[in-house]
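Down below is the structure, laid out as structure tokens.
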Amino acid sequence: PLSASLAESEHALAVHMRLGDKEELDQSLVETLDHLLREQTALKQVVLHGSFKPEHTDHTSLNEWAVACRLETAVRALRKRFGDRVSYHVPQSEDVDLLLLSRSKHLLVHGGIHSAFIAIAATGKVYIPEKILLDYSPDFYRMLPSTATVIAQNGTAVSIGRFLRSLAL
């Protein structure tokens with residue numbers, strides 16, 4: 001599980017995943033994670049955190065059990081690729097999870113409003129896939145912390161400031 005001490009570790013990457021309306025693991029997230037772990041060799045542990053709010057989607061037939069199964073399936077798939085350094089955090093409450101994730105020294109976010117809010121509130125280094133970022137408006141980009149890094153589809157890491165300047169061209 002993600003604890004305050006683990007979240008604040010220089011060697012842990014917290015990953016917030018969108019689960020509710022995704023039938024399978026998003027391969028762009030997997031590729032982003034792969035690029036990030038190759039570039040940031042100090043990251044030794046990956047802690048997945050999945051969230052799902054049925055009232056915020058059209059998939060109200062899903063229950064917590066189905067979401068837990070999706071998280072477990074994602075963990076197994078990622079362990080095949082990245083080994084035992086992948087673990088997961090069982091969500092506790094929205095408030096506790098927001099606090100833990102926002103305090104992470106290293107945080108990779110996925111799509112969805114919950115990830116967007118966590119990215120804005122983050123105090124550590126935030127990584128966000130370009131593919132996901134482009135789903136949001138430039139107003140969102142400006143709300144991200146200055147430590148945010150955009151991970152392009154080819155794995156190139158670009159600071160949010162540089163990304164914003166490239167949009168102005």
Can you find a heavy atom in the side chain of [X] that is under 4.5 Å from one in the side chain of [Y]?
X	Y	value
Asp97	Ile118	no
Ile160	Thr147	no
Val109	Ile132	no
Val158	Thr149	no
His106	Tyr127	yes
Val47	Leu13	no
Arg162	Ser166	no
Lys125	Pro145	no

Main-chain N/O of [Y] paired to [X] side chain as donor or acceptor, under 3.5 Å:
X	Y	value
Thr32	Ser28	yes
Arg103	Leu98	no
His11	Lys44	no

Is atom [atom1] of [X] surrounded by more than 12 heavy atoms (other residues, nucleotides or ligands) closer than 6.0 Å?
X	atom1	answer
Asp84	CG	no
Phe117	CZ	no
Arg81	CZ	yes

Side-chain heavy atoms under 4.5 angstrom apart, residues restricted to Ile, Leu, Val, Met, Phe, Trp, Tyr: same cluster for Met17 and Leu37?
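The answer is yes; both residues are in one hydrophobic cluster.
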Quick check on the 6.0 Å ring-centre criterion: do Tyr141 and Phe163 meet it?
yes
Aromatic ring proximity His16/His110, centre distance under 6.0 Å:
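They do not qualify: ring centres at least 6.0 Å apart.
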Leu33 vs Phe82, side chain to side chain contact (heavy atoms under 4.5 Å, CB included): CA-CA, chis, key distance, verdict
CA-CA 9 Å; Leu33 184 56; Phe82 302 110; 3.7 Å; yes
Contact summary for [X] and [Y], nearest pair of heavy atoms:
X	Y	answer
Ala122	Leu107	CB-CD2, 4.2 Å
Ser87	Gln45	OG-NE2, 3.8 Å
Leu144	Ala119	CD2-CB, 3.6 Å

Mind checking the [atom1]-[atom2] spacing from [X] to [Y]? Nearest 0.5 Å is all I need.
X	Y	atom1	atom2	value
Asp34	Arg38	CG	CZ	4.0 Å
Leu100	Glu8	CG	CD	9.0 Å
Leu108	Ile128	CG	CD1	9.0 Å

Given Val46, which partner from the list Leu78, Val86, Val75, Leu36 fulfils the side-chain contact (heavy atoms from CB on, under 4.5 Å) test?
Val86
Salt bridge present between Lys131 and Glu31 (N-O < 4.0 angstrom):
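No, Lys131 and Glu31 are not salt-bridged.
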Pairing residues for Ser102 by the side-chain contact (heavy atoms from CB on, under 4.5 Å) criterion, not counting sequence neighbours:
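Per chain and number, Ser102 pairs via side-chain contact (heavy atoms from CB on, under 4.5 Å) with Ala121.
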